[in-house]
Amino acid sequence: MSATPSSHRSPEPGTRAEPGNIGLSEPNVSGREWEYVRECLDTGWVSSAGGFVDRFEGEFAARVGTRFAVAMASGTAALHIALLVSGVAADEEVVLPALTFIAPANTVRYVGAWPVFLDVEPNHWQLDPDRLADFLRFDCSARDGRLVNRRTGRRVRAVLPVDILGHPCDLDAIRDLAAHYDLLVIEDATESLGALYRGRPVGSESHVACFSFNGNKIITTGGGGMLVTNDEQVARRARYLATQAKDDPVEYVHRAIGYNYRLTNVQAAMGCAQIARLDEFVALKRATARRYAEGFADQPAITAYQEAAWATATFWLSTVLIDATGPHGGSRGLLRTLAAQGIQARPLWEPLHRSAAHHGADIRPCPVAEQVHREALSLPCSTGITLEQQDRVIAATRRALRTAG
Ligand SMILES: *Cc1c(COP(=O)(O)O)cnc(C)c1O
């Protein structure tokens with residue numbers, strides 16, 4: 001891998017920063033990756049079958065505490081298959097938080113269904129169970145045993161909470177509501193592998209949950225994902241759909257439309273090396289977030305991310321809120337000031353109720369998502385970041401808060 005990816009000043013998160021620069025969240029592949037990948041190359045087991053795929057699935061399921069894990073080519077592929085195996089159909093609706101990376105909402109459209117975006121809660125920025133309760137109680141009604149969104153006339157089928165930034169959503173509250181209204185819970189845990197909800201691993205308790213091993217996630221296989229479930233039928237169906245829906249692999253007989261979504265053995269080999277280091281990576285991410293919180297404790301313009309009493313977060317990203325007023329020019333002013341010094345920071349995603357890509361979805365006001373979007377900034381937090389680099393980020397940020405951006 002080249003250490004100098006291109007002439008870009010600010011590389012994609014999950015790729016390597018130029019020497020001297022501090023990247024946002026870079027891969028850490030200093031474990032047994034080389035040894036395991038070489039084993040694939042030496043034996044010729046490089047494709048979508050092989051010992052590392054089975055081993056990675058087994059170790060992953062054990063780690064998350066589910067009966068089954070099905071390795072996928074990406075987190076997005078896992079989410080697409082999760083919706084298919086859950087039976088979410090065209091013109092049905094799936095409830096999502098407005099503040100998330102766009103992939104889960106896109107996969108709702110892949111199956112012809114529609115997202116409904118609800119606001120997040122102000123403390124941890126996850127799907128707000130109160131907004132969900134209000135939506136289900138006041139904006140939907142039961143017709144012929146189905147829950148229908150009165151505004152669109154579409155059947156509401158599932159809730160898709162997203163555990164953003166390494167912190168779990170309030171899953172019990174969301175699951176209770178889903179159970180009461182007979183909705184499925186499909187959990188996007190792609191950003192929160194290793195986090196705990198009330199002491200239980202994130203992703204262990206939903207009908208289906210999905211993870212990602214993209215380059216900037218807490219563990220990486222270069223690209224990859226995982227679908228986990230406790231339901232054997234769901235796991236079998238997911239594996240079938242992700243492997244071209246082969247009913248007879250010799251005669252090439254297919255009874256369904258399948259996908260080529262499986263993880264390769266080479267990627268799974270990386271996954272085995274990476275997951276062995278998950279606890280270590282979580283500890284490093286948490287330490288970085290704590291160090292920033294301490295470094296900014298006396299700064300009224302900065303609010304550190306708060307972990308819920310019921311959560312053990314991974315702090316996959318070290319995200320803070322920056323007061324919008326002041327000479328530094330708010331989160332975007334600070335972003336530019338840091339970028340000029342080779343420090344990669346990043347805002348959160350455009351709230352999806354405002355996304356042109358999701359024109360046609362049922363849109364409701366999401367003032368909390370909008371405020372977090374204005375003020376949030378993620379700071380460098382690669383697991384390989386040094387104390388000296390953290391000090392540079394803290395000093396540059398403190399300097400920027402005193403001077404005009
Ligand atoms: C990264 C991510 C995904 C998609 O994962 P890929 O492996 O990149 O396809 C989905 N949802 C969320 C919230 C993510 O952060």
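Computed from a predicted model, the values in this text were never measured in an experiment. First listed ligand is number 1; within each ligand, the first listed atom is number 1. Residue numbers start at 1 and run along the sequence shown.
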Q: State the atoms of ligand 1, each with its element, that fall below the 4.0 Å cut-off from a heavy-atom position in E191.
A: 12 (C), 13 (C), 14 (C), 15 (O)
Q) Is any N or O atom of W316, backbone or side chain, closer than 3.5 Å to an N or O atom of ligand 1? A) no
Q) Would R137 count as a cation-pi partner of Y181, with NZ or CZ less than 6.0 Å from the six-membered ring centre and within 45° of the ring normal? A) no
Q.
Donor-acceptor check, side chain of S192 to backbone of D163, threshold 3.5 angstrom: yes or no?
A. yes
Q) Quick one: does ligand 1 sit under 4.0 Å from the side chain of A103, the backbone, both or neither, non-hydrogen atoms only? A) side chain
Q. Does T100 reach ligand 1 with a nitrogen or oxygen that is under 3.5 Å from one of the ligand's nitrogen or oxygen atoms?
A. no
Q: Could you tell me which atoms of ligand 1, counted from 1 in the order shown, lie closer than 4.0 angstrom to a heavy atom of D188?
A: 10 (C), 11 (N), 12 (C), 13 (C)
Q.
Please check this pair: side chain of R332 against backbone of R374, looking for a donor-acceptor N/O pair closer than 3.5 Å.
A. yes
Q) So, does P104 sit close enough to ligand 1 that a heavy atom of it is under 4.0 Å from the ligand? A) yes
Q) For ligand 1, which atoms have a heavy atom of S212 less than 4.0 angstrom away? A) 1 (C), 5 (O), 6 (P), 7 (O), 8 (O)
Q. Which atoms of ligand 1 sit under 4.0 Å from any heavy atom of V162?
A. 13 (C)
Q | Protein contact of atom 14 (C) of ligand 1 - nearest heavy atom, named by residue and atom, plus distance | A | T190 OG1, 3.2 Å
Q) For the residue pair H124 and H167, does the interplanar ring angle fall in the parallel (under 30°), tilted (30 to 60°) or perpendicular (over 60°) class? A) parallel
Q) Is there side-chain contact between W114 and R109, with at least one heavy-atom pair below 4.5 Å? A) yes
(Q) Within the 4.0 Å heavy-atom shell around S74, which atoms of ligand 1 are there? (A) 7 (O), 9 (O)
(Q) Give the atom numbers and elements of ligand 1 that come within less than 4.0 Å of a heavy atom of G224. (A) 7 (O)
Q.
Checking the side chain of S212 only, and the main-chain atoms of N214 only, is there a donor and an acceptor separated by less than 3.5 Å?
A. yes
Q.
Counting non-hydrogen protein atoms only, what is the nearest one to atom 8 (O) of ligand 1? Give residue, atom name and distance.
A. N214 ND2, 3.5 Å
Q: Name the closest protein heavy atom to atom 9 (O) of ligand 1, giving the residue it belongs to and the distance to 0.1 Å.
A: T76 OG1, 2.5 Å
Q: Would you please indicate yes or no on a ring centroid separation below 6.0 angstrom for W125 and Y305?
A: yes
Q | Shortest protein heavy-atom distance from atom 2 (C) of ligand 1, along with the residue and atom involved | A | K217 NZ, 2.9 Å
Q. When you check the side-chain N and O atoms of T221 and Q267, is any donor under 3.5 Å from an acceptor?
A. no
(Q) If we only consider heavy atoms of G223, is any one of them less than 4.0 Å away from an atom in ligand 1? (A) no
Q: For ligand 1, find out whether one of its N or O atoms is nearer than 3.5 Å to an N or O atom of G75.
A: yes
Q) Should V120 and Q126 count as side-chain neighbours, where that means a heavy-atom distance under 4.5 Å? A) no
Q. Distance only, no hydrogens: is a donor on one side chain within 3.5 Å (strictly under) of an acceptor on the other, for T152 and E93?
A. yes
